[in-house]
Student: 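A single structure is presented below for examination.
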Amino acid sequence: MPELPEVEVIARGLDGWLPGQRIQAVDLLWPRSVALPAAAEFIAGLTGRRFERVGRRGKFVQMALDNGATLFVHLRMSGSLYRAPAGAPPGPHTRALFHLAGPCDLYFADTRKFGRLYLTYEPAEIVSRLGPEPLGDDFSAGWLTTALRGRRTRIKPLLLDQTFIAGIGNIYADEALFLAGLHPSRVADSLSAGEAGRLHAAIREVLQSAIARRGTTLSDYRDAEGERGQNQEFLRVYGRAGWPCERCGRPIERTVIGQRSAHFCPACQI
DNA sequence: AAGAGACCCTGGATGC
DNA sequence: TGCATCCAGGGTCTCT
């Protein structure tokens, strides 16, 4: 599932070749992938436009266009954006095809159909509700310590709340809490400044390592060139229920917190 | 503020 | 074997 590191790897990959490419035509194979505007308007608004810089905000791929508009893509669970030779036949899960003037086309594929495309002149209407970027300057240990005050929810669901902090999903929330030695059910407000500092460092470490390993591929995820990531070889708790904790040897447990699976070591995470 | 549940979907796993 | 059902997952929405 694409979370911040996977989206970052995809955005960097696209930014290496997409800027300057002109969109000649758009095929919408599953129009409901477009969140806004209406499908016909989406196609008309993109046709003839040239891509500029490609970046990321939270879990959104952000693609600037030469007329000031922005194309946002949220990959949700199974979405992917990749380059394919022009004229290549769409696969069974291709939902949108961007025919470019060059030798390659841009494909949006999405098995689960949860991913969404947004074309807008007002980026704020898409991303203004997002919390700070965990790898950005706004996200400091001090900010986290203060932000946790008065929050009576459990820390794991709070890390998944995109309005609190942007880009963390289930895998990296579990991994960061393990690295910080914090139980996912801890009430956010109960963390000491020291614990908040550990969590801050753990979040950065987990995300940066995953980017360096080009993301976590458990099933669907591929980067913009169709390659698998390597970070799945380094997960310490996610998907490892029953396996020994690499720190203490006790079996990793899986439970449900806030209607999401949570993996943790019952001895190392307090 | 917090949390439960529904919804959107598919394919792999499980149950009968 | 073949079919039905369950479940995971991110985000948004409604309801309590």
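Chain letters run A, B, ... following the sequence lines, proteins first, then strands; residues in each count from 1. A quick note: this is a predicted structure, and the numbers were derived from the prediction, not measured. Values reported hereafter were calculated over all heavy atoms of this structure, with side chains retained and with hydrogens, waters and symmetry mates removed.
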Student: Flag the pair A:Phe164 / A:Trp143 as yes when their ring centroid distance falls below 6.0 Å, and as no otherwise.
Tutor: yes
Student: If I take atom CG in residue A:Asp110 and atom P in nucleotide C:dG10, what distance separates them, rounded to the nearest angstrom?
Tutor: 14 Å
Student: Of the nucleotides C:dG10, B:dA4, B:dC9, which one has an atom closest to the side chain of A:Gln259?
Tutor: B:dA4
Student: Please determine, for the side chain of A:Thr153, which listed nucleotide (B:dC9, B:dG3, C:dA8) has the closest atom?
Tutor: B:dG3
Student: Grab the CE-P distance between A:Met77 and C:dC7 for me, whole Å please.
Tutor: 15 Å
Student: What nucleotide among B:dT10, C:dG11, C:dG9 has an atom nearest to a side-chain atom of A:His74?
Tutor: C:dG11
Student: Among C:dG10, C:dG11, B:dA2, which nucleotide sits nearest the side chain of A:Phe114?
Tutor: C:dG10
Student: How close or far is atom P of B:dA1 from atom CZ of A:Phe164, stated in whole angstroms?
Tutor: 13 Å
Student: Step by step, work out the salt bridge (charged side-chain N to carboxylate O under 4.0 Å, His left out) result for A:Arg49 and A:Asp66.
Tutor: CA-CA 6 Å; A:Arg49 299 273 60 81; A:Asp66 62 349; 2.7 Å; yes
Student: What's the closest nucleotide to the side chain of A:Asn170 if the choices are B:dG3, B:dT10, C:dG9?
Tutor: C:dG9
Student: If you count heavy atoms of other groups shown closer than 6.0 angstrom to CZ of A:Arg152, is the number above 12?
Tutor: no
Student: A:Trp30 has an atom CH2; how far is it from atom C1' of B:dC8, in whole Å?
Tutor: 10 Å
Student: So what does A:Arg254 hit on the nucleic acid, given a heavy-atom distance under 4.0 Å: a base, only sugar-phosphate, or nothing?
Tutor: sugar-phosphate
Student: Please report the distance, rounded to the nearest Å, between CZ in A:Arg112 and P in B:dG11.
Tutor: 7 Å
Student: How close or far is atom C1' of C:dG11 from atom CG of A:Leu4, stated in whole angstroms?
Tutor: 16 Å
Student: Determine whether A:Arg56 and A:Glu133 satisfy the following criterion, salt bridge (charged side-chain N to carboxylate O under 4.0 Å, His left out), listing intermediate values before the conclusion.
Tutor: CA-CA 10 Å; A:Arg56 177 193 62 75; A:Glu133 285 291 326; 2.8 Å; yes
Student: Can you tell which of C:dG9, B:dA4, B:dT10 lies closest to the side chain of A:His93?
Tutor: B:dT10
Student: State which of C:dG10, B:dG3, B:dG11 makes the closest approach to the side chain of A:Arg260.
Tutor: C:dG10
Student: Can you measure A:Leu75 atom CG to C:dG11 atom C1' for me and round it to whole angstrom units?
Tutor: 13 Å
Student: Output all residues satisfying side-chain contact (heavy atoms from CB on, under 4.5 Å) with A:Ala39, sequence neighbours left out; order by chain, then residue number.
Tutor: A:Leu28, A:Pro31
Student: To the nearest Å, how far apart are A:Ile257 CD1 and B:dG3 P?
Tutor: 11 Å
Student: In terms of side-chain heavy atoms of A:Arg151, which of B:dA2, C:dC13, C:dG10 is nearest?
Tutor: B:dA2
Student: Could you pick out which residue, A:Arg116 or A:Leu158, lies toward the 5' side of DNA chain B when each is mapped onto its nearest nucleotide?
Tutor: A:Leu158
